Amino acid sequence: MDLVLLDDYDALSREAAARILETIAVKPDATLLLATGETPMGAYRELAEALARNPRDLSRLRPVQLDEYLDLEADDDRSLWGWMERAVVRPLGVPTGNVIRLAADGEDPEVAIASYEAALRAAGGIDLAVLGLGPNGHLGFNEPPAPADAPTRTVTLTPESVASNARYWGGAERVPRRAVTAGLDIILAARRTLLLVSGEPKRHILQRAVAGPVTPDVPASWLQRIEGVTLLADRAAWGPSAAVGRG
Ligand code: F6R
């Protein structure tokens, strides 16, 4: 795992955007697995601004949804698809039909999972995964404990994830309890991965993820075992004196 240490959140966002752009430049039909959550929002803004300055043909880009809440009405503001559409798909001008979605409105989750997996196979897997780190070490909603081959599936959010998601929707009572997540099998097979981590509250779990034992109890620790992972962390998240495994 390579570590790129950035001064602050803005620098992290610019670096992440530059790396996403590199992928798009090399492969205009790249499949990009894109997290929602707060951390990558700056990167998506920077990316949209860079593309407004230097337009590129994004008509073949394939954004891929990472996770989705269940049990919401189709037009509910809390849908992670809606968030992804507002934050990245629309600002970039990528055709909505290009997106490989997970659990589209009202669909039976098992049917949705089967078509998601089939679409990903047809697209040749993930070229670049852009991930955030959950407070309990989750990637997507792969809640601990999660083995490296955890498949795409429906999950129940842990109390820690509910508490963390509460800041998105104005309180824990507004956080859906069930979700569907891309499996670790898909996430860990990405050809390249950017793990974005910002802020002091992530410091402890970040150290467990990148320098602690590789264990299902910290799903992000599986990233230590794969190639092509770059950790972009700001100083607040990294702390003054920590070590990172490389390889
Ligand atoms: C979001 C997602 C989550 C978040 C993680 C960190 O689609 O899958 O795994 O990336 O919970 O969230 P933030 O960035 O809000 O701290």
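For the numbers below, each heavy atom of this structure counts, side chains included, while hydrogens, waters and symmetry mates do not. Every value quoted in this text rests on a predicted model; they were computed, and no experiment measured them. Counting convention: from 1, in listed order, for ligands and their atoms alike.
Taken together through direct or relayed side-chain contacts under 4.5 Å among Ile, Leu, Val, Met, Phe, Trp and Tyr, Trp169 and Phe141 form part of one hydrophobic cluster.
Distance from atom 9 (O) of ligand 1 to its nearest protein heavy atom, with residue and atom name: Gly140 O, 2.8 Å.
Ligand 1 lies within reach of Lys202, whose nearest heavy atom is under 4.0 Å from it. Under a 4.0 Å heavy-atom criterion, Ser164 is not in contact with ligand 1.
Every atom of ligand 1 is numbered from 1 in the order shown, and the set under 4.0 Å from a heavy atom of Gly37 is 1 (C), 14 (O), 15 (O). In the vicinity of Tyr168, heavy-atom distances shorter than 4.0 Å reach the ligand 1 atoms 12 (O), 13 (P), 15 (O). If you number the atoms of ligand 1 from 1 as listed, the ones under 4.0 Å from a heavy atom of Arg167 come out as 13 (P), 15 (O), 16 (O). Of all atoms in ligand 1, numbered sequentially from 1 with element shown, those under 4.0 Å from a heavy atom of Gly132 are 10 (O). For ligand 1, the atoms closer than 4.0 angstrom to any heavy atom of Gly134 are 5 (C), 11 (O).
For ligand 1, one of its N or O atoms has an N or O atom of Thr39 under 3.5 Å away. Checked against a 3.5 angstrom limit, the closest N/O atoms of Leu66 and ligand 1 fall outside it.
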Run the numbers on Val130 and Leu32 for side chain to side chain contact (heavy atoms under 4.5 Å, CB included), then give the verdict. CA-CA 7 Å; Val130 180; Leu32 305 181; 5.7 Å; no
side-chain hydrogen bond (donor to acceptor under 3.5 Å, both in side chains) for Asn165 and Tyr69? Distances and angles first, verdict last. CA-CA 11 Å; Asn165 282 212; Tyr69 296 126; 2.6 Å; yes
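Residues Arg19 and Glu15 are paired through a salt bridge, judged by an N-O separation under 4.0 Å between the basic side chain and the carboxylate. Ion pairing between a basic and an acidic side chain is recognised when a charged N comes within 4.0 Å of a carboxylate O; Arg235 and Asp7 show such pairing.
Ranked by closest heavy atom to atom 6 (C) of ligand 1, the top entry among Asn142, Thr181, Leu80, Leu133 is Leu133.
Using a 4.0 Å cut-off between heavy atoms, Asp67 contacts ligand 1 through its side chain alone, with no backbone atom that close. In Thr36, the parts holding a heavy atom less than 4.0 Å from any atom of ligand 1 are both the side chain and the backbone.
Of the N and O atoms on the side chains of Asp234 and Ser198, at least one donor lies less than 3.5 Å from an acceptor on the other residue.
The closest donor-acceptor contact from the side chain of Asp76 to the backbone of Glu73 lies at 3.5 Å or more, if one exists at all. Tyr44 places no side-chain N or O within donor-acceptor distance of the main-chain N or O of Ser13, the cut-off being under 3.5 Å.
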